[in-house]
A.B. asks: 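This is the structure I have questions about; it appears just below.
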Amino acid sequence: MTATTDAELTYTSDEMMSIAAARALSNGQRCFVGIGLPSTAANVARRTHAPDLVLVYESGTLGSKPDRLPASIGDGILAETADAVISVPEVFNYWLQPGRIDVGFLGAAQLDKFGNINTTVIGDDYANPKVRLPGAGGAPEIAASCHEVYVVVRQSRRSFVDRVDFVTSVGHGSGKGDRERLGLRGAGPTLVITDLGILRPDPDTSELMLSQLHPGVEVEQVREATGWDLKVSPELSRTDAPTEAELSTLRALKEASK
Amino acid sequence: MRNANEVGNVAEIVSLAEGVGRLVHDGDMVALEGFTHLIPHAAGQEIIRQRRRDLTLVRMTPDIVYDQLIGAGCARKLIFSWGGNPGVGSLHRFRDAVQNGHPVPLEIEEHSHAGMANRYVAGASGLPFAVLRGYSGTDLPRHTDTIKQITCPFTGEQLAAVPALNPDVSIIHAQRADRAGNVQIWGLVGVQKEAVLAARRSLVTVEEVVDELEPVPGQLVLPSWAVTCVAEVPHGAHPSYAQGYYERDNAYYEKWDSIGRKRDSFEDWLREKVFTMEGAK
């Protein structure tokens, strides 16, 4: 976590990541929120530019409006502030599966160049994994059925790999056209937001390429933190530094959760 | 076939030790449900205390409650969709069992949340399997043989099929029951109703047994004739929470990370917090 100074504001690369992820969400969107980084970003968005963002949590809450970051996916505050509280089968069958959710907001332990996500095992042998991760949770069907998917994850050679060891949730499979072949109805990962920049799928191949750099980050640095030969978009742009309002909102939410 | 309650039978109010003793047997398929809220921790520890073995444990989110049962050697198999310490990190006893076979090897059957939820729905509905849009393109079907493809007989679409879950016994925690054994739950209700209705026998631990169930907005009521046993266990969901009674003990989840991390510290915990309580309930 490097601290960056930009016009008197000091912020960390993690804060930049959360704020960049928050900015990606539009007001009024219905967003299926994973815990951790996605939940932080979604709650910053709701308290800044997207007050009518609808937060859906897999524990069974539609339209949660927490005033602090939930400690878990089923934190009581999510139910107490929700428009509706529903059962878990209903979340998946009535709300997610038919395509009622605009954005699925996911994290990842491992991500590959086609945006496939691994949260199951590290290592080639499923029966004897090097590291046993928590597993799928709601992610496979979130990645399949939301209109699009945003992934928020810290970038490193360990997490950004050429091919994931295990496909827990499908991104763009092995390339363009795979989602259609598999019968997956949403568009899949359209944005990957990291602590260094933002990646988007190449429209021709669906391979993730670097399309945006956060302030103070150079292309070489991002390529160094990527386990495949990362392509750079011809329209590479720079992320605006966090505003004072964005930073104070993020910090207040974190402070309130302590 | 499914419900242990004979015609006219209603839930019996018993002690926790009696409920677990009567309903949970070695080798059973046992589901403890509660999605972050109302997790039946006290019942889980009672199963450890009564030294049940070779259980097939079923749970969407095997968090601390199953880390404890797995670490104590009660389980031979786990059917699940997400195994972690929510908001903290890994389950170290679960990892030790999967990676090193300690204290006993643990077979796993791994699904997604949507798959598990639908397996309970099928079980509660008296159907052999459930259909969903799921798993397509993932590596899960290669390792989990309870995920199959099915062709819709009407449209020809390819969908996923998963078999019903019908546990020998399901255990949940609820806020209240009345003296007749009717159970009242509110807040996040997860998959508890489906788990109870899918099971052959069921045990519901409750914060309190009251004379009359006062209605609460958004409540779920399980009628007495759909439940086998009810046990009054105040604070029975700790360290998870019971809406209207107590908050989630987030510090305990943090603390569990260090207790569960090492075999020694876990054994100490078992001795001090589980086995010395023998007979106390």
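Residue numbering restarts at 1 for every chain, and letters A, B, ... go by the order of the sequence lines.
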A.B. asks: Heavy-atom pairs under 4.5 Å with chain A are the metric here; pick the option from B:H37, B:M60, B:E157, B:E110 that has the most.
C.D. replies: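 Looking at each option in turn, the highest pair count goes to B:E110.
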
A.B. asks: Could you measure the distance from the CG atom of A:N93 to the CG atom of B:N118? Nearest 0.5 Å is fine.
C.D. replies: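 A:N93 atom CG to B:N118 atom CG measures 4.0 Å (nearest 0.5 Å).
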
A.B. asks: Answer yes or no: does atom CZ of A:R158 have more than 12 heavy-atom neighbours from other residues, nucleotides or ligands under 6.0 Å?
C.D. replies: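 Counting neighbours around CZ of A:R158, 12 or fewer heavy atoms of other residues, nucleotides or ligands fall under 6.0 Å, so no.
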
A.B. asks: If you compare all heavy atoms of A:S72 against all heavy atoms of B:P86, which two are closest, and at what distance to 0.1 Å?
C.D. replies: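 Closest approach of A:S72 to B:P86, heavy atoms only: CB-CB, 4.1 Å.
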
A.B. asks: Go through the atoms of A:V131 and report whether side chain, backbone, both or neither lie under 4.5 Å from a heavy atom of chain B.
C.D. replies: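 Its backbone and side chain both get close to chain B.
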
A.B. asks: To the nearest 0.5 Å, what is the distance between OH on B:Y135 and OG1 on A:T168?
C.D. replies: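 Separation between the atoms: 12.0 Å.
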
A.B. asks: Which atoms form the tightest heavy-atom contact between B:G137 and A:V167, and what is the distance?
C.D. replies: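 Answer, listing the atom of B:G137 first, then A:V167: O-CG1, 3.7 Å.
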
A.B. asks: Show the nearest heavy-atom pair for residues B:Y241 and A:D75, with the distance to one decimal.
C.D. replies: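 Smallest heavy-atom distance, with atoms named: OH-C, 3.7 Å.
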
A.B. asks: Without swapping roles, check the side chain of B:S112 against the backbone of A:G137 for a donor-acceptor pair under 3.5 Å.
C.D. replies: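 No: the side chain of B:S112 does not pair with the backbone of A:G137.
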
A.B. asks: Against chain B, label A:R181 side chain, backbone, both or neither, depending on which of its atoms sit under 4.5 Å from a heavy atom there.
C.D. replies: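 Contact with chain B is absent: no heavy atom of A:R181 under 4.5 Å.
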
A.B. asks: Is chain A contacted by the side chain of B:Y120, its backbone, both, or neither, given a heavy-atom distance below 4.5 Å?
C.D. replies: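 Contact with chain A: none, neither part.
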
A.B. asks: Which of the residues B:S90, B:G83, B:G87 is involved in the greatest number of heavy-atom pairs with chain A at under 4.5 angstrom?
C.D. replies: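 So the answer, after comparing B:S90, B:G83, B:G87, is B:G83.
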
A.B. asks: Is B:R133 close to chain A through its backbone or its side chain, or both, or neither, when contacts mean heavy atoms under 4.5 Å?
C.D. replies: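 Backbone plus side chain of B:R133, per the 4.5 Å heavy-atom cut-off to chain A.
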
A.B. asks: Please indicate whether B:Q158 has more than 12 foreign heavy atoms, meaning atoms of other residues, nucleotides or ligands, lying under 6.0 Å from its CD.
C.D. replies: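 More than 12 heavy atoms, drawn from other residues, nucleotides or ligands, come within 6.0 Å of this atom.
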
A.B. asks: Provide the closest heavy-atom pair for A:G74 versus B:L188 in the form atom of the first, atom of the second, distance.
C.D. replies: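 Nearest heavy atoms, A:G74 then B:L188: O-CD1, 3.4 Å.
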
A.B. asks: Given heavy-atom pairs under 4.5 angstrom as the criterion, report whether the side chain, backbone, both or neither of A:A71 touches chain B.
C.D. replies: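 Both backbone and side chain of A:A71 come within 4.5 Å of chain B.
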
A.B. asks: Take a 6.0 Å sphere around OH of B:Y252 and say whether it holds more than 12 heavy atoms from other residues, nucleotides or ligands.
C.D. replies: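 Above 12, so yes.
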
A.B. asks: Taking side chain as everything from C-beta outward and backbone as N, CA, C, O, which of these in A:E141 sits under 4.5 Å from a heavy atom of chain B? Side chain, backbone, both or neither.
C.D. replies: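 Side chain only.
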
A.B. asks: May I ask you to check whether over 12 heavy atoms, not counting those of A:W95, lie within 6.0 Å of atom CH2?
C.D. replies: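 No, because the 6.0 Å sphere around CH2 of A:W95 holds 12 heavy atoms or fewer from other groups.
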
A.B. asks: Verify the neighbour count for atom CZ of A:R157: are there more than 12 heavy atoms of other residues, nucleotides or ligands below 6.0 Å?
C.D. replies: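 Atom CZ in A:R157 is packed in, count exceeds 12.
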
A.B. asks: For the atom pair CZ (B:R142) and OH (A:Y126), what is the distance rounded to the nearest 0.5 Å?
C.D. replies: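 If we round to the nearest 0.5 Å, B:R142:CZ and A:Y126:OH are 11.0 Å apart.
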
A.B. asks: Would you compute the distance between atom CD of A:E80 and atom CD of B:Q243 and round it to the nearest 0.5 angstrom?
C.D. replies: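 That separation rounds to 5.0 Å.
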
A.B. asks: Looking at A:A82, A:A79, A:S87, which has the largest count of heavy-atom pairs under 4.5 Å with chain B?
C.D. replies: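 So the answer, after comparing A:A82, A:A79, A:S87, is A:S87.
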
A.B. asks: Which answer fits B:M116, side chain, backbone, both or neither, if we ask what part of it has an atom under 4.5 Å from a heavy atom of chain A?
C.D. replies: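 No part of B:M116 comes within 4.5 Å of chain A.
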
A.B. asks: Tell me, for B:I108 versus chain A, whether the close heavy atoms (under 4.5 Å) come from the side chain, the backbone, both or neither.
C.D. replies: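 Side chain only.
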
A.B. asks: Under 4.5 Å, counting heavy-atom pairs only, tell me which of A:S169, A:A136, A:P134, A:A143 racks up the most with chain B.
C.D. replies: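 Maximum pair count with chain B is reached by A:P134.
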
A.B. asks: Considering only heavy atoms, which portion of B:F94 lies under 4.5 Å from any heavy atom of chain A: side chain, backbone, both, or neither?
C.D. replies: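 Just the side chain, heavy atoms under 4.5 Å.
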
A.B. asks: So for A:D178, is it side chain, backbone, both, or neither that comes closer than 4.5 Å to the heavy atoms of chain B?
C.D. replies: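 For A:D178, neither part sits under 4.5 Å from chain B.
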
A.B. asks: Under 3.5 Å, is there a donor-acceptor pair between the side chain of B:Q99 and the main chain of A:R132?
C.D. replies: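 The answer is yes, because a donor-acceptor pair under 3.5 Å joins these two groups.
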
A.B. asks: Just wondering, are more than 12 heavy atoms of other shown residues or ligands nearer than 6.0 Å to NZ in B:K77?
C.D. replies: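 Enclosed.
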
A.B. asks: With a 6.0 Å cut-off (strictly less than), is the heavy-atom count around CG of A:D125, excluding the residue itself, greater than 12?
C.D. replies: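 Correct, the count exceeds 12.
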
A.B. asks: Kindly give the heavy-atom pair with the smallest separation between A:P140 and B:T138, and that separation in Å.
C.D. replies: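 Heavy atoms only, the tightest pair is CB-CG2, 4.3 Å.
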
A.B. asks: If you count heavy-atom pairs within less than 4.5 Å of chain A, which of B:G89, B:G84, B:G187, B:A114 leads?
C.D. replies: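 The option with the most such pairs is B:A114.
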
A.B. asks: Between B:D139, B:L132, B:V121, B:T36, which shows the greatest number of heavy-atom pairs under 4.5 Å with chain A?
C.D. replies: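 That would be B:D139.
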
A.B. asks: Quick check: closest heavy atoms across A:V88 and B:A117, and the distance to 0.1 Å?
C.D. replies: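 Between these two residues, the closest heavy atoms are CG1-CB, 4.2 Å.
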
